[in-house]
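Here's the structure we're looking at; comments come further down.
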Amino acid sequence: MTLIALIDCNSFYCSCEQVFRPDLTNKPVVVLSNNDGCVIARSKEAKDLGIPMGAPYHHYKKLMTFHKVAVFSANFPLYANFSTRIMNTLTQFSDSVEVYSIDEAFISLKGIASDVISYSQLLRQTIFKWTGIPVSIGIGSTKVLAKAANRFAKSIPESNGVFSLASSPAFIDSALKLLPVEDIWGIGKQQSKKLQQRQIKTAFDFKQYKNRSVLLKYLTKTGLQLHDELNGKSCIDISTTIEPRKNIQSSRSFKPELTEFDDVAAALTLFTTRAMEKLRKQNSLTQLISVFIRTNPFNNKPQYKNGITISLPVATNNTLEVAHIVRQCLSVIFKKGIEIKKAGIILSEITDDTSLQQSLFINTNQSNLMASLDQINKKYGRDTIHPANTTRFIKKRQSPKWVSPQYTTNWTDILTVK
DNA sequence: TCTGGGGTCCTAGGACCC
DNA sequence: TCTGGGGTCCTAGGACCC
């Protein structure tokens, strides 16, 4: 039986910040979202203070000040760089690595001759030595079991960061009895409610449940898959190839809200630039463009929410072309006098760009222009060249308050060792 | 005064066709 | 007055994930 390990970085964004701030080791640390709006990562000590995930910063400002919590604005280039280094480390320990998210990966333990727990301990120590990031490792015969094991690796200090659910059936069952059904990977709030109503309260109850037609009816076929995986029957394979995205979205909240058409248009042009860069990076074309705007749902002012989707006659990867369409879309849904809190665009109907190369109608100049643009921005930094009207947005944007230096991705921010 | 951003998959139901 | 049955395709929205 091939075993699967799930490697999950502990409080990832906080841990990245702590690497360069040893004075913050074992201290409460939080990382805030865009506009310093809400908490998106908490160190263990911050969790213990009762600061929930997604908490609005201003609700917890007092508590954090009182407990001297270290606050950071998100520094995604830094986190992405750490992530790459960790994932590279994993490839030295397994032939099949699936990067599941910025801070998680599944690896196959196939062919590991030694005891998988000591092997995982070695992996854990290596990652810490090479990157300074602590990880937890869960082992199981399926992804769902590896995920569950990872929870125990995190919550049981004696496990020393590695926990295996690949042992005797009796041991697995006794562990699953301790796992609330809502903590199963893939069971969210709605589905756990449905399960609780049927007296299915733990992962063990769920595993033992026999009526598959009920599961299909209320939890759809993904529910059945989870059930199989909990029973040790693998349904979700490790996928080592990186599939191109089927949708690419770029959106932001604004602080303060925007009311002028030109400001929103400038922001949307910038989002279009970002999304189209991603699109070209994965060698794709898009043929369906969506634009949306909305007011702040948390205040009592008049609400407005609207979106529009436009299908293009020919798929494209040209920023200028799409930016033009996005602006036209905005003029359809924009309403004078409303305060726009969030806006964004979504690219979909994404296809491979080889079809463009073969097209007789290809505009070679435009395609070269996009390639040059990407090269220059890669070499000299993001937004070195950008559509003129985005400047208006970039200049007006408030910069986050507590962003750490670009320790690993910017020469001027590299630490000096004395 | 202040509440993130970016994905995937699944299903129900409408439109359309023969 | 009676008013089929079955199939496909598409899309919006729900639920989940990090």
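A note on names: the letters A, B, ... follow the listed sequences, proteins ahead of strands, and every chain is numbered from 1.
Nucleotide dA12(B) forms a Watson-Crick or G-U wobble pair with dT11(C), both donor-acceptor distances falling under 3.5 Å.
Between N247(A) and dT8(B), a side-chain N or O to OP1/OP2 separation shorter than 4.0 Å is present. Within the 4.0 Å cut-off from OP1 or OP2 of dG6(B), at least one side-chain nitrogen or oxygen of S251(A) is found. Distances shorter than 4.0 Å separate some side-chain N or O of N34(A) from OP1 or OP2 on dG5(B).
Note: CD (E243(A)) to C1' (dC9(B)) measures 14 Å, nearest angstrom. Taking atom OH on Y100(A) and atom P on dT8(B), their separation rounds to 12 Å, with Å as the unit. Atom-to-atom, CZ of F292(A) to P of dG13(C) comes out at 14 Å; the value is rounded to the nearest Å.
No side-chain heavy atom of L270(A) sits less than 4.5 Å from a side-chain heavy atom of H386(A).
Contacts of K61(A) with the nucleic acid, taken as non-hydrogen atoms under 4.0 Å apart, are absent. Among the heavy atoms of the strands, none lies under 4.0 Å from K193(A). Base contact: F298(A) has a heavy atom under 4.0 Å from a base atom. Counting non-hydrogen atoms under 4.0 angstrom, L32(A) reaches nothing in the nucleic acid. Residue contacts shown for I102(A) are absent, as no nucleic acid heavy atom lies under 4.0 Å away. Note on K194(A): nothing from the nucleic acid sits closer than 4.0 angstrom, heavy atoms only. Residue contacts for N296(A): at a heavy-atom cut-off of 4.0 Å it reaches the sugar-phosphate backbone alone, with no base atom in range. Counting non-hydrogen atoms under 4.0 angstrom, D36(A) reaches nothing in the nucleic acid. Among the heavy atoms of the strands, none lies under 4.0 Å from K401(A).
Heavy-atom minimum distance, M370(A) versus L320(A): CE-CG, 4.0 Å.
Both tests pass for R85(A) against the ring of F82(A): distance under 6.0 Å to the centre and angle within 45° of the axis.
Checked against the 6.0 Å centroid criterion, the rings of Y79(A) and F76(A) qualify as a close aromatic pair.
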